[in-house]
Amino acid sequence: MKELIRELVLQAVLDLRRDGHLPPGDEPVFTVERTRNKQHGDYACNAAMLMAKAAGRNPRELAQQLLDTLPQSRLVERAEIAGPGFINFFVSPTCLIGSLRRVLEQRDRYGWQPEESRESVTVEFVSANPNGPLHVGHGRGAAYGASLANILEAYGHKVQREYYVNDAGRQMDILAASVWLRYLELGGVQVRFPDNGYKGDYVVEIARALRAREGDRLRHPMFEVTDGLPPDESQGGDKETHVDALIARARKLLGEADYRIVFNAGLDWCLADIKQDLGEFGVRYDNWFSERSLATSGAVSKAIETLKSKGHMEERDGALWFKATQFGDEKDRVVVRENGVTTYFASDIAYLLNKFDRGFERAIYVFGADHHGYIARLKAAAQGLGVDPARLEIQLVQFAVLFEKGEKVQMSTRAGQFVTLRQLRAEVGADAARFFYVMRSHDQHLDFDLDLARSQSNDNPVYYVQYAHARVCALFRQLAEKGWSFNKAAGDAARERLVHEQEVALMNLLLGWPEIVGAAAQARSPQIVANGLRDLSSAFHSYYNAVPILVEDETLRAARLYLCKAVRQVLANGLALLGVSAPETM
RNA sequence: GCGUCCGUAGCUCAGUUGGAUAGAGCACCAGGCUUCGAACCUGGUGGUCGGGGGUUCGAGUCCCUCCGGGCGCGCCA
């Protein structure tokens with residue numbers, strides 16, 4: 001509808017130009033928006049105000065001229081000038097009623113807007129290191145990324161959902177060492193556990209499974225493990241040095257093949273755990289991309305060579321640097337360390353190149369807010385590789401801070417004391433968690449009140465929306481109990497009987513639903529969909545309380561049920577975008 | 001210190017690429033179920049949009065500055 005009005009106004013502008021009433025110019029810029037105030041009609045256009053200056057004319061006078069030139073449309077009841085020069089449009093009953101038919105014809109595709117011109121896009125989200133269970137912070141990234149991907153798809157993009165698995169790197173080695181130490185403990189070898197090790201119970205579980213498979217084959221006596229290690233932090237030394245030495249010791253004692261077995265025991269367990277966790281959270285991926293594969297496939301060296309050949313690399317202090325400052329980053333970045341090992345950033349560059357090599361027109365990264373320092377260097381890397389940095393988009397998701405009894409809950413993965421996503425789901429359910437996470441703007445901090453969430457109180461707006469859906473379902477059950485049935489054709493034929501204020505309001509919201517999806521997609525904001533659902537639910541609850549649906553008048557009843565059915569459909573569609581169920585009873 | 005995100009009602013937050021009289025939930029006050037599900041609805045109280053400048057027909061929204069907060073600034077991942 002918004003598009004239609006835009007076309008009408010554009011046509012009027014072009015006509016005025018053709019007849020010399022307006023000076024020629026480029027594609028005119030103006031907006032068509034939904035009004036906030038009903039007295040201002042349904043849509044408002046600001047074209048006259050924006051063009052008045054260039055035309056050297058009074059805005060209201062210009063608006064009048066536009067109005068006189070405006071092509072007729074049976075979907076527009078009337079248009080009028082208001083305020084400083086707005087043109088307000090009132091949509092016709094025909095238009096409103098038409099939206100009902102579209103909803104019920106397109107069903108679960110209503111709101112979808114496939115267009116050839118939409119980009120293909122890869123959305124990478126969560127990508128937590130597989131060294132432990134996901135916690136509630138990852139949950140927000142998961143809910144946001146999954147919903148965003150759904151919305152982009154509905155808007156017509158071709159979407160690939162991707163998880164970057166950090167299956168290489170030091171953190172994973174620390175996990176491997178932690179697993180091995182727990183394994184030794186289970187075998188009766190008492191070894192001091194490092195300050196920097198992973199202390200969660202799941203590590204013991206992994207060790208137990210490892211021991212069940214491998215027996216005591218990987219056991220070494222205590223002195224071999226600990227002799228000559230530099231002191232740990234609590235022993236007056238440095239925890240990083242200590243744990244690195246421990247990793248080196250493990251590698252040496254076990255040998256590369258057996259070390260890999262221990263390493264993979266940790267990796268495989270954690271990855272399986274994450275996959276299951278996200279699956280139960282309604283989050284699905286098209287691709288789990290292995291960081292290690294970038295090294296083994298030669299992608300990392302290929303990326304480095306590419307940057308070298310373009311003259312963006314430099315050797316300094318024995319290391320290889322990417323000259324990121326020439327692309328606006330605040331400092332140059334090391335890609336290959338003095339010891340010959342590539343950095344994490346080297347993998348990032350290779351992965352970035354890989355994404356665009358696979359043909360995506362746009363790559364969206366969903367990062368935690370603590371990664372915002374990466375934006376500049378990734379954009380720099382893109383430029384260095386010859387990729388337009390505008391095709392790379394980074395969405396930051398702010399932290400979710402847990403509150404319990406009014407106090408902040410402190411979290412630390414290493415210490416093993418944190419609230420996991422799995423615990424959260426168990427306490428509030430996946431639906432509430434998914435909705436709660438995306439209710440607020442993703443670039444806004446989220447206060448997550450655990451007590452409130454645990455209590456399953458109806459303060460949680462997800463119930464409000466789901467209840468509206470269940471209420472419509474209840475209406476149709478009630479209908480059957482009364483021995484009546486719903487005749488869709490009769491409802492369709494009687495649509496003009498829908499004249500109540502609340503009915504018009506509901507039809508207006510249904511009409512505007514595709515615009516909600518479009519706005520959410522363009523702003524990368526699932527929260528717009530969540531708010532749209534609340535608005536629609538609110539309008540329905542008001543309607544339900546004000547107007548009886550199951551009336552004796554058969555055609556009127558059919559018309560109202562026709563509307564209710566459309567409302568239910570849109571509620572279900574919106575909930576699906578957010579990965580929330582649409583229950584028939586509650 | 002530099003960079004970055006943010007500051008809207010007592011609390012938690014919306015506010016659609018600058019639009020008309022700044023909204024919702026919770027809380028508080030007053031009402032509504034012998035009638036389709038009260039997990040709901042109707043009405044009311046509550047604001048110098050952190051402060052101050054600027055841009056223009058028009059600013060919660062854009063620019064500058066100050067105040068207050070989150071996060072980031074390793075040859076870590």
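Throughout, protein chains are lettered first and strands after them, A, B, ... in sequence-line order, and every chain is numbered starting at 1.
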- Query: For the pair made of CG in A:Asp443 and C1' in B:G7, what is the distance, rounded to whole Å?
  - Reply: 13 Å
- Expressed in whole Å, how much space separates the C1' atoms belonging to B:U48 and B:G70? 26 Å
- Can you check whether A:Gln478 has a side-chain N or O nearer than 4.0 Å to OP1 or OP2 of B:G37? yes
- Message: With a 3.5 Å cut-off and heavy atoms only, can you find an N or O donor on one side and an acceptor on the other between the side chain of A:Asn46 and the base of B:A20?
- Response: no
- Have a look at A:Ala44 and say if it touches a base, only the backbone sugar-phosphate, or nothing, with a 4.0 Å heavy-atom cut-off. base
- Task: May I ask you to evaluate whether A:Arg333 reaches the phosphate of B:G74, defined as a side-chain N or O under 4.0 Å from OP1 or OP2?
- Result: no
- Query: When we call it a touch if two heavy atoms are under 4.0 Å apart, what does A:Ser441 touch: a base, just sugar-phosphate, or nothing?
  - Reply: sugar-phosphate
- Message: Taking the ring of A:Phe327 and the ring of A:His312, is the distance between their centroids below 6.0 Å?
- Response: yes
- Query: Which whole number of Å gives the distance between the C1' atom of B:G44 and that of B:G19?
  - Reply: 29 Å
- Hey, is the side chain of A:Gln502 poking within less than 4.0 Å of OP1 or OP2 on B:C41, counting only N and O atoms? no
- If pairing requires Watson-Crick or G-U wobble contacts with both distances under 3.5 Å, which nucleotide is the partner of B:C71? B:G3
- Message: Does the structure show A:His40 stacking with B:A20, if we require the centres to be closer than 5.5 Å and the planes to be within less than 30 degrees of parallel?
- Response: yes
- Query: Contact class for A:Ala82 (heavy atom, under 4.0 Å): base, sugar-phosphate, or nothing?
  - Reply: base
- Query: Using the ring of each side chain (for Trp, its six-membered ring), is A:Phe486 parallel, tilted or perpendicular to A:Tyr562, with breaks at 30° and 60°?
  - Reply: tilted
- Message: Heavy atoms from C-beta onward define the side chain here; which of B:C13, B:C36, B:A20 lies closest to that of A:Thr35?
- Response: B:A20
- Query: If we take the C1' atom in both B:C2 and B:U8, what is their distance in whole Å?
  - Reply: 29 Å
- Task: Measure the distance from NZ on A:Lys331 to C1' on B:G72 and round it to the nearest whole Å.
- Result: 11 Å
- Over how many whole Å does the gap from A:Asn88 atom CG to B:U21 atom P extend? 13 Å
- Sugar-phosphate only, base, or nothing, as touched by A:Arg477 at under 4.0 Å among non-hydrogen atoms: base
- Item | Spacing of A:Lys379 atom NZ relative to B:G72 atom P, expressed in whole Å | 21 Å
- Quote, to the nearest angstrom, the C1' distance that separates B:G15 from B:A24. 10 Å
- Message: Counting the atoms with a prime plus P, OP1 and OP2 as sugar-phosphate, which does A:Glu515 contact under 4.0 Å by heavy atoms, base, sugar-phosphate, or nothing?
- Response: nothing
- When rounded to the nearest Å, what value does the distance between P atoms of B:C64 and B:U55 take? 15 Å
- Any A:Arg560 side-chain N or O less than 4.0 Å from OP1/OP2 of B:C36: no
- Message: Both A:Thr342 and A:Ser538 contact RNA chain B. Taking the nearest nucleotide for each, which residue is further toward the 5' end?
- Response: A:Ser538
- Item | Distance below 4.0 Å between A:Gln444 side-chain N/O and B:U12 OP1 or OP2 | no
- Message: Taking the P atom in each of B:U12 and B:G58, what is the distance between them to the nearest angstrom?
- Response: 35 Å
- Query: Take atom CD in A:Glu80; do more than 12 heavy atoms of anything else shown fall under 6.0 Å from it?
  - Reply: yes
- Item | Heavy-atom closest pair, residues A:Ala468 and A:Leu571 | CB-CD1, 3.8 Å
- Take the protein atom CG of A:Asn545 and the nucleotide atom C1' of B:G32, then report the distance between them rounded to whole Å. 9 Å
- Write down the partner of B:C11 under the Watson-Crick or G-U wobble criteria, each distance required to be under 3.5 Å. B:G25
- Under 4.0 Å between any heavy atoms, over every strand shown, what does A:Ser542 touch: base, sugar-phosphate, or nothing? Just pick one. sugar-phosphate
- Message: What's A:Ala474 touching, base or sugar-phosphate or nothing? Going by heavy atoms closer than 4.0 Å.
- Response: base
- Message: I'd like to know if A:Arg36 reaches the base of B:G60 with its side chain, counting only an N/O donor and acceptor under 3.5 Å.
- Response: yes
- Item | Chi angles and distances behind the ring-ring contact (aromatic ring centres under 6.0 Å, His included) call for A:Tyr164, A:Tyr351 | CA-CA 9 Å; A:Tyr164 182 58; A:Tyr351 185 35; 4.2 Å; yes
- Query: RNA chain B: A:Thr343 or A:His442, which has the more 5' nearest nucleotide?
  - Reply: A:His442
- At under 4.0 Å between heavy atoms, what does A:Pro84 touch on the DNA or RNA strands: base, sugar-phosphate, or nothing? base
- Using Watson-Crick geometry (N1-N3 plus N6-O4 or O6-N4) or G-U wobble (N1-O2, O6-N3), each under 3.5 Å, B:G47 is paired with none
- Nearest to the side chain of A:Glu338, which nucleotide is it out of B:U16, B:C75, B:G25? B:C75
- Query: Mind checking the P distance from B:C6 to B:C13? Whole angstroms is fine.
  - Reply: 14 Å
- Message: Looking at A:Arg170 and A:Glu240, is there a salt bridge between them, counting it only when a charged N and a carboxylate O are closer than 4.0 Å?
- Response: yes
- Separation of atom CE in A:Met439 from atom C1' in B:G15, rounded to whole Å: 14 Å
- Message: What is the separation between atom CG on A:Asp535 and atom P on B:C41, rounded to the nearest whole Å?
- Response: 12 Å
- Query: Which part of the nucleic acid, if any, lies within reach of A:Val472 when heavy atoms closer than 4.0 Å are counted: base, sugar-phosphate only, or nothing?
  - Reply: nothing
- Query: Hey, does the side chain of A:Lys2 come within less than 4.0 Å of B:U16's phosphate (OP1/OP2), counting only N and O?
  - Reply: no
- Query: Is the distance between the ring centroids of A:His541 and A:Tyr464 less than 6.0 Å?
  - Reply: yes
- Have a look at A:Gln527 and say if it touches a base, only the backbone sugar-phosphate, or nothing, with a 4.0 Å heavy-atom cut-off. sugar-phosphate
- Message: For B:G18, give the paired nucleotide (Watson-Crick: N1-N3 plus N6-O4 or O6-N4; G-U: N1-O2 and O6-N3; both under 3.5 Å), or none.
- Response: none
- Task: Write down the distance separating the P atoms in B:G31 and B:G50, rounded off to the nearest Å.
- Result: 37 Å
- Task: Before accepting this row, confirm whether a basic side-chain N of the pair A:Lys379/A:Asp329 lies closer than 4.0 Å to the acidic partner's carboxylate O.
- Result: no
- Message: I want to check one thing: is the phosphate of B:C41, taken as OP1 and OP2, less than 4.0 Å away from some side-chain N or O of A:Tyr467?
- Response: no
- Check if the side chain of A:His372 and the base of B:G3 share a donor-acceptor pair of N or O atoms closer than 3.5 Å. yes
- Does the ring of A:Phe540 carry A:Arg471 above it, NZ/CZ under 6.0 angstrom from centre and within 45° of its axis? no
- Task: Quickly work out the A:Met586 CE to B:A39 C1' distance and round it to whole Å.
- Result: 6 Å
